[in-house]
Amino acid sequence: MRRRSTESNRVYQEFDFLTDVDAKRLQLIGAISLAWNWLEGAIDAALGMALELHPSMWLEVSGRVNGMDAKLGIIRASVCLFDGTIPVETQNLVKQTLTHVGDHKKLRDGVIHVRLVHPDAEVAETPQRRTNVDEVLISAAALQGLYDRLNLLAKEANEVAIYFKDRWLIQHTESDETRTQAAASFRQSMALLLDLQKRRVALPPLPEFPATPQATPSSEEG
């Protein structure tokens, strides 16, 4: 759905994004943005819990960590702490979600920063870094597939945050009742995380790029 750009001479046609671009695609781009915002909020909460910060410090710290990749790296390193308490298989569930969040961030970034030069174009350029340019597939099917994945990943990220909350309670609380409740919550959350991952993996594959370069309608065709 994203790759290095294969074209260098896309011709811009003046158009109105709101009225000329297919409404379904606009809706999906908006939904992708909103789903990512929810996912990012869950990752910020997971970061604060992983570092065992007071909730009042979560935004202070997450706002000063440089980018999603850095946040995911810190959370990943925190998963393995006290590894005698949490089974390796459970740790790996959390790590898998973190990996896929990072992978899908590249796709989300490509869509949100896309430079559309024609309202009907289904392949468009998106900046990468410095002079490098990628292109992203923005057909309705591709956008729907990305949204479906981000929607599930946002829910997975919420369970990752619960992983750290319940782990802290299990390890630090002095109340047997609270520890028992946290252990039950932990098991339920990790079962839900596994179910969400299975649902995401079972989604249809993301569409491939067209085999031949897409012919962009000329401005004379309206």
Quiz item: Which residue pairs pass the ring-ring contact (aromatic ring centres under 6.0 Å, His included) test when at least one of the two sits in residues 134-165, sequence neighbours left out?
Solution: Y163-F186

Quiz item: Is the side chain of S78 donor-acceptor paired with the backbone N or O of I74 at a distance under 3.5 Å, no angle test?
Solution: yes

Quiz item: Should F209 and L28 be counted in the same cluster of Ile, Leu, Val, Met, Phe, Trp and Tyr side chains packed under 4.5 Å apart?
Solution: yes

Quiz item: Any chain of hydrophobic side-chain contacts (each under 4.5 Å) joining I29 to L107?
Solution: yes

Quiz prompt | Check: R167 side chain, V79 main-chain N or O, donor-acceptor pair, under 3.5 Å | solution = yes

Quiz item: Is there a donor-acceptor contact under 3.5 Å linking the side chains of E135 and T126?
Solution: no

Quiz item: Can any side-chain N or O of E159 pair as donor or acceptor with the backbone N or O of L192 at less than 3.5 Å?
Solution: no

Quiz item: Do the side chains of C80 and Q91 get nearer than 4.5 Å, heavy atoms only?
Solution: yes

Exercise. Give a yes or no on whether the backbone of W58 and the side-chain of S62 come within a donor-acceptor separation of less than 3.5 Å.
Key: yes

Quiz item: For L146, which of N151, I138, V111, L137 qualifies under side-chain contact (heavy atoms from CB on, under 4.5 Å)?
Solution: V111

Exercise. Mind listing the closest non-hydrogen atom pair of A42 and A154 along with its distance?
Key: CB-O, 4.4 Å

Practice problem: Verify the distance criterion only: is there a donor paired with an acceptor across the side chains of T99 and R76 at less than 3.5 Å? | Solution: yes

Exercise. Check salt bridge (Lys or Arg N to Asp or Glu O under 4.0 Å) between R179 and all other residues, then give those that pass, not counting sequence neighbours.
Key: D176

Quiz item: What residue among R200, R199, H100 forms side chain to side chain donor-acceptor pair (under 3.5 Å) with E156?
Solution: R200

Quiz item: Are the side chains of I162 and S185 in touch, meaning some heavy atoms are under 4.5 Å apart?
Solution: yes

Practice problem: Walk me through it: do V94 and M190 pass the test side-chain contact (heavy atoms from CB on, under 4.5 Å)? | Solution: CA-CA 9 Å; V94 175; M190 293 302 98; 4.3 Å; yes

Quiz item: When hydrophobic residues are tied together by side-chain contacts of less than 4.5 Å, even through go-betweens, does L39 share a cluster with V65?
Solution: yes

Quiz prompt | Approximate separation, where rounding is to 0.5 Å, of D109 CG and I32 CD1 | solution = 11.5 Å

Quiz prompt | Verify same cluster id: L116, V123 (apolar side-chain graph, 4.5 Å) | solution = yes

Quiz item: Could you give the distance from CH2 (W38) to CG (N158), rounded to the nearest 0.5 Å?
Solution: 7.5 Å

Quiz item: I170 and A182: which non-hydrogen atoms are nearest, and at how many Å?
Solution: CG1-CB, 3.9 Å

Quiz item: If Ile, Leu, Val, Met, Phe, Trp and Tyr residues are connected whenever their side-chain heavy atoms lie under 4.5 Å apart, and connections chain through other members, are L206 and V201 in the same group?
Solution: no

Quiz item: Quick one: does R25's side chain have a donor or acceptor within less than 3.5 Å of a partner on P119's backbone?
Solution: yes

Quiz prompt | L59, CG: over 12 other non-hydrogen atoms inside 6.0 angstrom | solution = no

Quiz item: Which value, rounded to the nearest 0.5 Å, describes the distance between T97 atom OG1 and I43 atom CD1?
Solution: 8.5 Å

Quiz prompt | Basic-acidic side-chain contact under 4.0 Å: R64, E60 | solution = yes

Exercise. For L18 and D16, work out which heavy atoms get closest and say how close.
Key: N-OD1, 2.8 Å

Quiz item: Does one side chain, of D134 or S5, offer a donor that lies under 3.5 Å from an acceptor on the other?
Solution: no

Quiz prompt | Spacing of CG belonging to L51 relative to CG belonging to L53, to within rounding of 0.5 Å | solution = 5.0 Å

Quiz item: Where is the tightest heavy-atom contact between S33 and I112, given as atom of each residue plus distance?
Solution: CB-CD1, 3.8 Å

Quiz item: Does the side-chain contact (heavy atoms from CB on, under 4.5 Å) test come out yes or no for V101 and V160, once each step is laid out?
Solution: CA-CA 11 Å; V101 168; V160 170; over 6 Å; no

Quiz item: Do we see a donor-acceptor contact under 3.5 Å between the side chains of Q96 and N92?
Solution: no

Exercise. Take atom CZ of R3 as the centre, draw a 6.0 Å sphere, and report whether it contains more than 12 heavy atoms from other residues, nucleotides or ligands.
Key: yes

Practice problem: Kindly indicate, with the supporting measurements, whether the criterion side-chain contact (heavy atoms from CB on, under 4.5 Å) is fulfilled by W168 and M49. | Solution: CA-CA 8 Å; W168 187 91; M49 294 180 193; over 6 Å; no

Quiz item: For the atom pair CG (L169) and NZ (K165), what is the distance rounded to the nearest 0.5 Å?
Solution: 5.5 Å

Quiz item: In this structure, are over 12 heavy atoms from other groups packed under 6.0 Å from N37 atom CG?
Solution: yes

Quiz item: Can you tell me how far NZ of K95 sits from CG of L72, rounded to the nearest 0.5 angstrom?
Solution: 13.5 Å

